[in-house]
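Just so it is clear, the values below take in all heavy atoms, side chains as well, and ignore hydrogens, waters and symmetry mates. As the structure lists them, so they are numbered: ligands from 1, and atoms in each ligand from 1.
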Amino acid sequence: MRARGPLSVVGGMIPSMTTPAAVIVDATTYAQAVEDAARAAAAYYAGGSSPLDDDAYDRLARGIAAWEAEHPGEVLPDSPTGKVAGGAAEGDVPHTVPMLSLDNVFSPEEFTAWTASLARRVDREVTRFSVGPKLDGLAVAARYREGRLTRLITRGDGTAGEDVSHAMGTVEGLPERLAEPVTVEVRGEILMTTAQFEHANEVRIRHGGQPFANPRNAAAGTLRAKERAYTVPMTFFGYGLLALPGTDAALAARLEESAYGDLMATAAGLGVHTSAGTAVPDVVVETPEQVVARVQEIAALRAELPFGIDGIVVKADLAADQRAAGSGSRAPRWAIAYKLPAVEKITRLLDVEWNVGRTGIVAPRGVLEPVVIEGSTITYATLHNPADITRRGLRLGDHVMVHRAGDVIPRIEAPVAHLRTGEEQPIVFPEACPRCGSEIDTSEERWRCAQGRNCHLVASLAYAAGRDQLDIEGLGTTRVVQLVEAGLVADLADLFTLRREQLLALERMGETSTDNLLAALAAAREQPLSRVLCALGVRGTGRSMSRRIARYFATMDLIRAADAEAMQRVDGIGVEKAPSIVAEIAELAPLIDKLAAAGVNMTEPGATPPPAADADGGDGSASAAPAGGGPLAGMKVVVTGAMTGSLERLSRNEMNELVERAGGRSSSSVSKNTTLVVAGEGAGSKRAKAEQLGVRLATPEEFAALVADLIG
Ligand code: IVH
């Protein structure tokens, strides 16, 4: 993959829950590996961007450990196995109790082995485990004297850290004053939430800096920066609470004896931010099986969390168990990090492609040296628009940090600037539309071909014919190309005036195909307004928005008569979106007229137009909820996973249509406002989130029973 030193000793390249170790064959490769790991660890803990991503580092460290196990007499002093991780950053404030690291496991098997060794050390089965997120930030110790925050110290080498008290006012979750005047040390992780990271990069770029590659680097760089012209907020999560010299003896004794869960409750009571308020709070469970189940739940929620986690921390909850297990010089034996596969990798940006979408948007896409993230090979990543490329300072050939979590589209975070060789080339922006050669309208951040949706007629027609729009069977991309090339179709409406003899004259069009296509077109004419609207491809609207607009206005004429204010009465359309939708509809007027003339339906069955007062201004209080009831009236419904039984044939779009016909509102993400989650086979994170939030769950069969009257 990359021709740099460290990876030349790396064996398998497929990261999974069980990351393969690097294969080290002799003392020379071992020495090189130790050096590479030490350099990467130094950069990591000092807040610079590490030349190795997390997976590569873990593989290297495991390879080193394996070699050392075979050659115990030849262990080098710099080896990452022998000391507290992060030994490289300087620091001169001694820690009262060493700040340790954690050992890792990567699979349920390794975790089971760890619980067995824990039971041996404790001399009984451990039956209380605390399980919570492993926050991907930097460890700090915050010292409070009589309730006042007096000092903030990094972990450093675990024995002494750096004083970063200058950052005290910028860390949310670490109050300047505790709720009680106690003398304690709070330990935890400082990180940037995704929103804080985006904000920090914006501010940094505005001040002429390079964007940080990821939230962790951003937090590290920000924490250590002393003289900056600006400050950006970060977030603290506490995971430790201990006595300091000067702590009241009774309190010290109580902290000493507290189970981890109680300790965190105490911290939260003092005003410290912990995992408690998040979607993944620390919970106490009793068996290793329950731990693994909780690990899987947290893993499923990971992509949706507003902050980064790189694993799950499992701790023996009881103080007595912790004492009995003890600690090594590097890590406690009573806690373990169950690592999750990395969602970020470093790879190279090989090329930038410019594609024209069906609405004429000219969008850049990064072509990557293939890289495996969470088990799938990533070769493309979104680059939003030319301005964004410029802001990030990307160049061809750059090493870039690529992020992909869950089903989210991979994105390029930033170039890894110190890996530049000088060979990188500027990214060239197109001067003319790469598809049709017309001018490009660059007046907005998202560039658009001056021909708009006509530029990519084939794509827009194929989209319109798709199953979730007009559902014209037999009209795939190949056939559309044929029709366009034969000059029979120049816009969507032309499809509906095609004549039998025109079709028969085309190659590979026999009588049967022709009749089938004509029948499919006749059926398409009768599709509800929502689908016609969606087929038109109004920018800024998709399937569900098209349905909401159609249900609200009921007829195309009323949609066309709506101004921005009226448009805003549709659920989900705000001040920003409304004017652009109105402008798009106006732009589409000639096409809409032509469609209507060709006999295409322009009304939404079952919907009633808004009252006249409402249409011409009114008091703006009308809602877009369909008139009348329906079995799902007033409910917000999310469908996830594969449908079975009588719903098996329905696409996700058809399921959403069904929800809305039944009076409900369909949505794709679960929140505390969700009323019902229909969870089919293989439902993952959305189901977990519903369980977490206590949202009602239904199987496809239960849901089918609810809406039985509407299923034909
Ligand atoms: S407990 C004795 N809990 O991960 C060490 N650590 O890779 C106990 N970390 O050094 C640490 N989230 O900086 C603990 N919920 C959590 C954590 C956590 C992140 C960090 C911590 C630790 C590192 C080890």
Can an N or O of [X] be found at a distance shorter than 3.5 Å from an N or O of ligand 1?
X	value
Y260	no
L135	yes
L100	yes
P133	yes
Y239	yes

With respect to V272, which candidate in T266, V184, L178 satisfies the side-chain contact (heavy atoms from CB on, under 4.5 Å) definition? L178
Just wondering, are more than 12 heavy atoms of other shown residues or ligands nearer than 6.0 Å to [atom1] in [X]?
X	atom1	answer
R333	CZ	yes
E146	CD	no
E172	CD	yes

Nearest heavy atom to atom 10 (O) of ligand 1, choosing from E189, R155, M99, belongs to R155
Out of all atoms in ligand 1, which are within 4.0 Å of some heavy atom of [X]? Include the element for each.
X	answer
L102	6 (N), 24 (C)
A139	13 (O)
P332	2 (C)

Between [X] and [Y], is there a donor-acceptor pair closer than 3.5 Å when you use the side chain of the first and the backbone of the second?
X	Y	value
D398	V400	no
H207	E202	no
R302	I309	yes

Side chain, backbone, both or neither: which part of V313 has a heavy atom under 4.0 Å from ligand 1? side chain
Using heavy atoms and a threshold below 4.0 Å, how should the contact between R187 and ligand 1 be classified: side chain, backbone, both, or neither? neither
Could you check whether the rings of Y30 and W67 sit parallel, tilted or perpendicular, using 30° and 60° as the cut-offs? parallel
